[in-house]
There are 2 protein chains.
Amino acid sequence: MRENKSERIRIKDIAIKAGVSVGTVDRVIHGRSGVSESSKKKVEEILKQMNYQPNMYASALASNKKYNLACLLPIHTQEDYWIDIEAGMEHAVSTYKDFNIRLNIMYYDQYESGAFAEAGKKMLESNPDGVIMAPSSEDETKSTTLQLQERNIPFIFIDSNIRSLNPLSFYGQSSHSSGYFAARILSLMAEHNEPVVIFRLIYGGRLGSNQQRNREEGFREYIKNNCPGIKLYELDFYVKNPENNERIMEEFFAKHPEINCGITFNSKAYIIGEYMQKINRKGFKLMGYDLLRRNVKCLKAGTIDFIIAQQPTEQGQSCIECLFEHLILKKEVKPYNYMPITLISRENIDFYLDAHVRTNNI
Amino acid sequence: MRENKSERIRIKDIAIKAGVSVGTVDRVIHGRSGVSESSKKKVEEILKQMNYQPNMYASALASNKKYNLACLLPIHTQEDYWIDIEAGMEHAVSTYKDFNIRLNIMYYDQYESGAFAEAGKKMLESNPDGVIMAPSSEDETKSTTLQLQERNIPFIFIDSNIRSLNPLSFYGQSSHSSGYFAARILSLMAEHNEPVVIFRLIYGGRLGSNQQRNREEGFREYIKNNCPGIKLYELDFYVKNPENNERIMEEFFAKHPEINCGITFNSKAYIIGEYMQKINRKGFKLMGYDLLRRNVKCLKAGTIDFIIAQQPTEQGQSCIECLFEHLILKKEVKPYNYMPITLISRENIDFYLDAHVRTNNI
DNA sequence: AATCAATTCGTGTGCGCACACAAAGGTACA
DNA sequence: TGTACCTTTGTGTGCGCACACGAATTGATT
């Protein structure tokens, strides 16, 4: 009597106990019509009583449904952060391959107004079952999310969040908190309240990203509260004129030879690190963000002291998992998922590369 | 023609292409006997050519196999680290519930010689398909792992590793590296090369764990290489006489009022943190290990500055996933899995609690 | 040529579920 | 009472796979 093995409860078990057929139970479970009130009540009661948990694998096997996921990211060429996010998503998709999940990644130009909405339109035409996107500004993003909501298509924000647009979930890092934390570490490095320079990336007269701004805000808040004696300078680079970077640094450090400590709130700390190596200046204390290959190289060379990582691979993976759980397992998902704020130096970097896993001998 | 949909390849597809029946393909895939050399070659060829990937969910559904996993841990009462490991394992088991995986956790007294082997014997009697264990000393552990190897039962080490016993895989943290990293951070806090005290836990005249010893070694190595000017003191507590802890600290700090910086390489930093709070001494710089509730409380209160975490929940989860992939998916698994060495302060602690996920408003 | 055993292979059934279809029951009206 | 129609319910089939069983083929032996 395999019925008695105290194993998992099947639809059949429910049907027997309720005195109906499996078809009726199936109809109740899926909320389909054609069930009398009395049968419905009885089945629902027994479902709850026996705490029925469907075998999602058998279910997926039988239904043979296909899921199309769409993803909308800013155009990136060679940017490790987004590459890692994509890799994480692809990896998760491949682990769910038997559920017939397909992922279609599309891009928009984050610096061109209207580009997001246009890409969003194309994305909608692909008729996705779920969407992941790195939002643009609220105004740019809104038209797309409204259409998604109309069509009842769940969407997730990655990287940065716009609460008012009500995504199913958010995956990313709290920029403000990470800046706050960075300040704690930097203030330890800045002995005797020595001055600190903030290196910034400017695009079109403004900071290149919201993240950059939020991190700087968090940073300044910590400094103001805990070590107001530290004087903060700013040094701006221009995205459109990278050829000027070296000259900008030259001029700045000629004017401020006393400054020996700096931080970037974008991912391009290697600009400074590589410069320091080039002019052979040692001991400049530098912090930055993201494990770009060039940043890691500087970290190992000693020209960057600390990096704060966002774990992009995990972010990408988690987004797919989230849609999987929502669409297929029909589980509740958490609305906010803030990645840990991890501090990385040359002493622990090895344990963060290769997705937290090492295969060689330590 | 659903055959042409460029979908996943099924056994049936292989059978048609090889001009045999699904039964024969099945026999080849599972290496069962009763297949002629010619058929075998043909099928194997086409399997490779079409890159056949079985649908593991359908496979599990059809085979209806049960898997018993066993786990052997040191006895712990109220120790958050082990509790979190168990929680991680249970969580992973529940996500694989449809694969008929059961987990049986058993315990041994890590301080009693012979206890591990005895518990190992009991564990073997439960006839497990896979094993996870926190090893004791090499000698104590060896008899059990030898029997496992004889019976071809895969086993994973968690927390600490004994390479010579050849586990299928290892999950844990590199103790030495984490001590090395801790030293980098502590040396930033110890201004002007001020002295540092190492708080230690002694059991039966020796350090209470290998981890503690390895971390301290890594720590001392960094200090020696990078800031030999820092003088290191030791202060020993005795596991068996916790009532003496306060007196021990009193005497020590009476003798060394100049010491304002300390570190523990065990998980009990709260002993010092709570003492500092009790005597209302502020500004003592303290580092420790593991996110025990009492440690977190001290962290938030400001009596512990930094904690290095081992992510026990993830460790537990990963162990189960590893056995799952090995036993059921028959994938290759990585032999060494070192968890990231994460630095935690009151500024980023919120993003590490609750398994990296927050649901409230930040 | 007949018998038997061993080898090699194909078919059928079921895993738990989704869904199409058919059957049964009920109601209204002629 | 019969017919048409709607509501409610049960049954059958297939998803991709594992495995038991039995059929076909071959070779050896009498």
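Per chain, numbering begins at 1; letters A, B, ... match sequence-line order.
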Whole angstrom value for the distance that separates [atom2] of [N] from [atom1] of [X]:
X        : N      : atom1 : atom2 : answer
A:Lys66  : D:dC15 : NZ    : C1'   : 10 Å
B:Ile29  : D:dG16 : CD1   : C1'   : 11 Å
B:Ile16  : D:dG16 : CD1   : P     : 12 Å
A:Ile11  : C:dC17 : CD1   : P     : 5 Å
A:Leu329 : C:dC17 : CG    : C1'   : 15 Å
B:Ile14  : D:dC17 : CD1   : P     : 9 Å
A:Phe99  : D:dC15 : CZ    : P     : 18 Å
A:Ile328 : D:dC15 : CD1   : C1'   : 15 Å

Will you find, in the side chains of [X] and [Y], an N or O donor that is under 3.5 Å from an N or O acceptor?
X        : Y        : answer
B:Asp159 : B:Tyr81  : yes
B:Asn127 : B:Arg151 : yes
B:Glu332 : B:His326 : no
A:Thr141 : A:Thr144 : no

Checklist entry - In Å and rounded to the nearest 0.5 Å, what is the CG to CH2 distance from B:Leu73 to B:Trp82? => result 5.5 Å
Checklist entry - Ion pair present between B:Arg32 and B:Asp26, side-chain N to carboxylate O less than 4.0 angstrom? => result yes
Verify the contact: side-chain N or O of [X] to OP1 or OP2 of [N], cut-off strictly under 4.0 Å; return yes or no.
X       : N      : answer
A:Arg27 : D:dT8  : no
B:Thr24 : C:dC9  : no
A:Tyr52 : C:dC17 : yes

Next on the checklist: Please classify the nucleic acid contact of A:Asn55 as base, sugar-phosphate, or nothing, using heavy-atom distances under 4.0 Å.
Outcome noted: sugar-phosphate
Checklist entry - With a non-hydrogen cut-off below 4.0 angstrom, is B:Val20 in contact with a base, only sugar-phosphate, or nothing? => result sugar-phosphate
In terms of side-chain heavy atoms of [X], which of [options] is nearest?
X       : options                : answer
A:Ser21 : C:dC17, D:dC17, D:dT9  : D:dT9
B:Leu61 : C:dC17, D:dG16, D:dA18 : D:dG16
B:Arg32 : C:dC17, D:dT11, D:dC19 : D:dC19

Checklist entry - Mind checking whether A:Phe99 and B:Tyr57 have parallel, tilted or perpendicular rings, split at 30° and 60°? => result tilted
Checklist entry - Do B:Ile105 and B:Glu90 come close enough that some side-chain heavy atom pair is under 4.5 Å? => result yes
Item to check | Centroid-centroid distance, B:Tyr171 to B:Tyr338, less than 6.0 Å | outcome: no
Checklist entry - Heavy-atom contacts under 4.0 Å between residues 35-48 of chain B and DNA chain D, which residues? => result none
Item to check | Difference in axis direction between the ends of the helix from C:dA1-D:dT30 to C:dA30-D:dT1, five pairs, 10° | outcome: 80°
Item to check | Test: B:Arg163 cationic atom under 6.0 Å from B:Phe157 six-membered ring centre, within 45° of axis | outcome: no
